[in-house]
Trainee: 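Let me begin by handing over the structure; questions about it come next.
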Amino acid sequence: MTSVAIDQRGDGSALERPLLELVGVRAGYGSIEVLHGVDLQVPAGAVVALLGPNGGGKTTTLKTCAGLVPLTGGELRIAGRVVDGVTATQLARLGVCSIPEGRGIFANLSVRENLWVATGTGASLAAVEEAAYTRFPILGQRRTQLAGTLSGGEQQMLALSRAIGTNPTLLLLDELSLGLAPLIVSQMYDTVGELAAQGLSLLPIAHSAAIMLHGRIVRVGTPSEIKEELSTHYLGG
């Protein structure tokens with residue numbers, strides 16, 4: 001399951017338009033087109049799940065939103081602003097933050113050094129550490145440990161803490177619970193719920209969901225509305 005998460009900062013800005021919008025987006029790798037005209041909207045403050053089988057285009061969609069895969073057609077908009085051709089670095093400065101599948105931590109750096117990376121956006125290390133260790137006390141106990149020696153759950157906690165420490169406007173999560181033990185997944189989702197209550201909306205506490213097949217969005221609705229399609233197309237039922 002791939003997730004798209006939006007942080008609405010509560011200042012009333014951009015409430016009249018989707019915070020994230022893909023309009024007829026086409027993208028791919030070289031001559032291989034993966035996205036064939038994707039249309040998707042995520043209103044400010046909303047939580048949208050992007051679901052579908054492997055190879056459906058979910059990760060490519062997130063990479064396109066993060067500026068890692070260039071558009072070959074259509075428009076990508078952030079709060080109504082067309083950002084086609086903007087680099088990943090420029091999008092990061094606009095507040096777009098992505099946690100890729102596999103977590104994306106720096107294995108050869110300590111926990112504290114990984115959190116220090118988040119200070120590049122202007123946050124202080126003390127503030128980033130306080131937020132991380134308050135949410136995940138185990139990280140405080142491991143602060144001098146190399147990140148690559150952490151458990152999978154602890155690495156995901158670190159990745160999420162580092163991302164949130166950047167105070168993102170738009171947070172993209174790819175496979176938040178992949179490969180984690182059920183107890184850790186439950187803890188991650190509890191944390192996600194707390195963040196949503198504080199204004200940072202994260203999947204999988206989804207208000208709506210979209211099913212993606214063969215590089216196209218084929219259905220959008222509430223999780224309950226698309227339950228049957230989800231079973232048929234995603235779970236193979």
Trainee: V220, V42: one ILVMFWY side-chain cluster at the under-4.5 Å cut-off?
Mentor: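 Result: yes, single cluster for both.
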Trainee: Quick one: does L22's side chain get under 4.5 Å of C65's, heavy atoms only?
Mentor: yes
Trainee: Evaluate side chain to side chain contact (heavy atoms under 4.5 Å, CB included) for V111 paired with T144, printing each intermediate quantity in order.
Mentor: CA-CA 6 Å; V111 167; T144 60; over 6 Å; no
Trainee: Can a side-chain donor-acceptor contact be found between S161 and Y133 if the only test is distance below 3.5 angstrom?
Mentor: no
Trainee: Hey, does the side chain of N114 reach the backbone of I105 with a donor-acceptor pair shorter than 3.5 angstrom?
Mentor: no
Trainee: Do any N or O atoms from the side chain of E21 and from the backbone of P18 form a donor-acceptor pair under 3.5 angstrom?
Mentor: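 No; zero donor-acceptor contacts below 3.5 Å.
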Trainee: Do K58 side-chain atoms and P53 backbone N/O form a donor-acceptor pair below 3.5 Å?
Mentor: yes
Trainee: Can you confirm whether L50 sits close enough to I217 that some side-chain heavy atom of one is under 4.5 Å from a side-chain heavy atom of the other?
Mentor: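 L50 vs I217: side chains touch.
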Trainee: Using the rule that two of Ile, Leu, Val, Met, Phe, Trp, Tyr join whenever any of their side-chain heavy atoms come within less than 4.5 Å, decide whether L35 and Y29 are in one cluster.
Mentor: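 Linked, L35 and Y29 end up in one cluster.
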Trainee: Report yes or no: does Q141 contribute a side-chain atom to a donor-acceptor pair with the main-chain N or O of I138 at less than 3.5 Å?
Mentor: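 Side chain of Q141 to backbone of I138, a donor-acceptor pair under 3.5 Å: no, none is there.
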Trainee: If only atom types and distance count, is the side chain of T119 paired as donor or acceptor with the main-chain N or O of W116 below 3.5 Å?
Mentor: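 Yes, T119 side chain to W116 backbone: donor-acceptor pair under 3.5 Å.
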Trainee: Could you state the interatomic distance from OG1 (T149) to CD (Q155), rounded to the nearest 0.5 Å?
Mentor: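 Reported to 0.5 Å precision, the distance equals 8.0 Å.
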Trainee: What residues form a side chain to side chain contact (heavy atoms under 4.5 Å, CB included) with T87, not counting sequence neighbours?
Mentor: T89, Q90
Trainee: State, to 0.1 Å, how close V34 and G57 come at their nearest heavy-atom pair, and which atoms those are.
Mentor: CG1-CA, 4.1 Å
Trainee: Evaluate the side-chain proximity of L146 to L109: yes if any heavy-atom separation is below 4.5 Å, no if none is.
Mentor: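 With C-beta onward as the side chain, the pair stays apart.
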Trainee: With hydrophobic residues grouped by side-chain heavy-atom distances under 4.5 Å, do L125 and F106 end up in a single group?
Mentor: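 Same cluster.
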Trainee: Does the side chain of Q156 come within less than 4.5 Å of F136's, by heavy atoms?
Mentor: no
Trainee: Where do M212 and V38 come nearest, in terms of heavy atoms and distance?
Mentor: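 For M212 and V38, the tightest heavy-atom pair comes out as CE-CG2, 3.5 Å.
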Trainee: Mind checking whether L62 and L68 have side chains closer than 4.5 Å, heavy atoms only?
Mentor: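 Contact flag for L62/L68 side chains = no.
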Trainee: For the pair R143 (side chain) and G140 (backbone), establish whether a donor and an acceptor sit closer than 3.5 Å, ignoring hydrogens and angles.
Mentor: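 Judged by distance alone, yes, a pair lies under 3.5 Å.
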Trainee: Considering residues at least two apart in sequence or located in another chain, which fulfil the side chain to side chain contact (heavy atoms under 4.5 Å, CB included) criterion with V83?
Mentor: L76, I78, R81, V86, L91, L94
Trainee: Sub-3.5 Å donor-acceptor pair from the side chain of T72 to the main-chain atoms of R26, do we have one?
Mentor: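 Looks like yes, one N/O pair under 3.5 Å.
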Trainee: Taking salt bridge (charged side-chain N to carboxylate O under 4.0 Å, His left out) as the definition, give me every residue that meets it alongside R112, ordered by chain and number, with sequence neighbours left out.
Mentor: E129
